[in-house]
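Note sheet for the following structure.
When a residue number appears, it is its place in the shown sequence, counting from 1. As the structure is a computational prediction, the values presented were derived from the model and not from experiment.
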Amino acid sequence: MLWKERLYPNFGVWVIVVGLSLIPAVIFAPIDMTTGVLASVLTLIILVTMMMTSTPTILVTRSALQVGRAQIDRIYIGKVEAFINEEATAQRGTGLHGLTHLCIRGWIDAVVKIEITDKEDPAPYWLVSSRHPDELAELLTTRLDQQRPGRQRPEENR
């Protein structure tokens, strides 16, 4: 493994999740507050579980790139570019090709555009959110024979 990055939600998203979990308490308060609190706790558990299980991982090995459930051999990766701020917004919006494979998260501003050279793949490129777009783009553009297994990146807990 050369790279592993989990696209965990940021603090603001977790605040929204906690706020949403309080809705059952408000709904059940006129009937029974205990039921409302239990429903809110259950809702919070369900929402946190859903957020954690739907968090994609970017995994780069010497032979493959995996983003979420999608995987492609690295020999089919062409040009790789990192975008931040307004450029990233344009890539996600007006510059987006209709057949692009997307793995973007609204709480992560930067994206990496990964050209796919496989003629049988209908997606011209992948657009992937990353908290470290320049490092990921550099790793994916480095020739495979130049990469050493010691260049691992620990999983992030953000």
Side-chain angles (χ1 to χ4, degrees), residues 1-22 41-158:
M1 175 176 47
L2 301 172
W3 178 279
K4 186 174 185 178
E5 179 181 3
R6 296 279 318 244
L7 304 179
Y8 289 114
N10 64 13
F11 180 75
V13 174
W14 290 115
V15 170
I16 292 170
V17 167
V18 170
L20 289 173
S21 71
L22 297 176
V41 169
L42 180 62
T43 302
L44 180 61
I45 291 169
I46 291 169
L47 290 175
V48 167
T49 302
M50 288 173 54
M51 292 297 290
M52 294 305 290
T53 57
S54 68
T55 298
T57 300
I58 301 171
L59 183 63
V60 179
T61 65
R62 290 181 54 79
S63 61
L65 165 66
Q66 181 176 345
V67 179
R69 292 179 286 183
Q71 182 172 331
I72 191 163
D73 290 336
R74 293 206 37 208
I75 59 172
Y76 297 116
I77 293 177
K79 184 178 177 183
V80 181
E81 299 175 273
F83 297 95
I84 58 171
N85 300 327
E86 293 83 23
E87 292 176 332
T89 302
Q91 288 297 317
R92 289 187 301 262
T94 57
L96 186 66
H97 187 282
L99 295 176
T100 300
H101 173 75
L102 295 173
C103 185
I104 55 176
R105 296 297 180 255
W107 52 82
I108 300 175
D109 180 52
V111 294
V112 177
K113 183 177 180 179
I114 305 163
E115 179 187 28
I116 304 301
T117 60
D118 183 1
K119 300 297 181 201
E120 294 184 22
D121 193 330
Y125 62 90
W126 289 8
L127 194 62
V128 179
S129 293
S130 175
R131 288 191 171 91
H132 308 280
D134 293 325
E135 294 175 38
L136 179 58
E138 179 184 342
L139 176 66
L140 290 173
T141 55
T142 303
R143 286 188 12 217
L144 293 176
D145 59 350
Q146 293 177 341
Q147 294 176 351
R148 296 181 300 278
R151 190 176 171 189
Q152 294 184 1
R153 177 172 184 81
E155 181 176 348
E156 294 186 13
N157 293 321
R158 290 196 247 176

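- When atom types are taken as modelled, the side chain of Asn85 and the backbone of Glu87 share no donor-acceptor pair closer than 3.5 angstrom.
- Distance check, rounded to the nearest 0.5 Å: CZ of Arg131 to CZ of Arg105 gives 11.0 Å.
- Atoms CG and CG, on Asp109 and Asn10 in that order, are 11.5 Å from each other to the nearest 0.5 Å.
- Remark: Ile77 CD1 to Glu115 CD distance equals 10.5 Å, nearest 0.5 Å.
- Using modelled atom types, no side-chain atom of Tyr125 and backbone atom of Gly78 make a donor-acceptor pair closer than 3.5 Å.
- Contact detail for Ala110 and Ala88: the closest heavy-atom pair is CA-CB, 4.3 Å.
- Heavy atoms of other residues, nucleotides or ligands lying less than 6.0 angstrom from CG of Leu42 number more than 12.
- The two residues Leu102 and Leu96 come nearest to each other via the heavy atoms CD2-CD1, 3.7 Å.
- Atoms OG and CD1, on Ser130 and Ile58 in that order, are 4.5 Å from each other to the nearest 0.5 Å.
- Looking only at distances, a side-chain donor or acceptor of Gln66 sits under 3.5 Å from a matching main-chain atom of Gly68.
- Once rounded to the nearest 0.5 Å, the distance linking CG of Leu65 with CD of Gln71 reads 8.0 Å.
- Between the side chain of Asp121 and the backbone N or O of Ala123, at least one donor-acceptor pair lies under 3.5 Å.
- Between Ile116 atom CD1 and Tyr76 atom OH the span is 11.0 Å, to the nearest 0.5 Å.
- Judged purely by atom type and a 3.5 angstrom limit, Arg6 uses its side chain to pair as donor or acceptor with the backbone of Thr55.
- By the 6.0 Å contact criterion, CE on Met52 is enclosed, its count of non-hydrogen atoms from other residues, nucleotides or ligands being greater than 12.
- Across Thr53 and Met50, no two heavy atoms sit closer than the pair OG1-O, 3.3 Å.
- Side chain of Trp3 to main chain of Leu140: no donor-acceptor pair is present (N/O by atom type, distance under 3.5 Å, no hydrogens or angles).
- Closest of all the heavy-atom pairs between Trp107 and Tyr8 is NE1-O, 3.0 Å.
- Within the 4.5 Å cutoff, the side chain of Arg74 has no heavy atoms near those of the Ser63 side chain.
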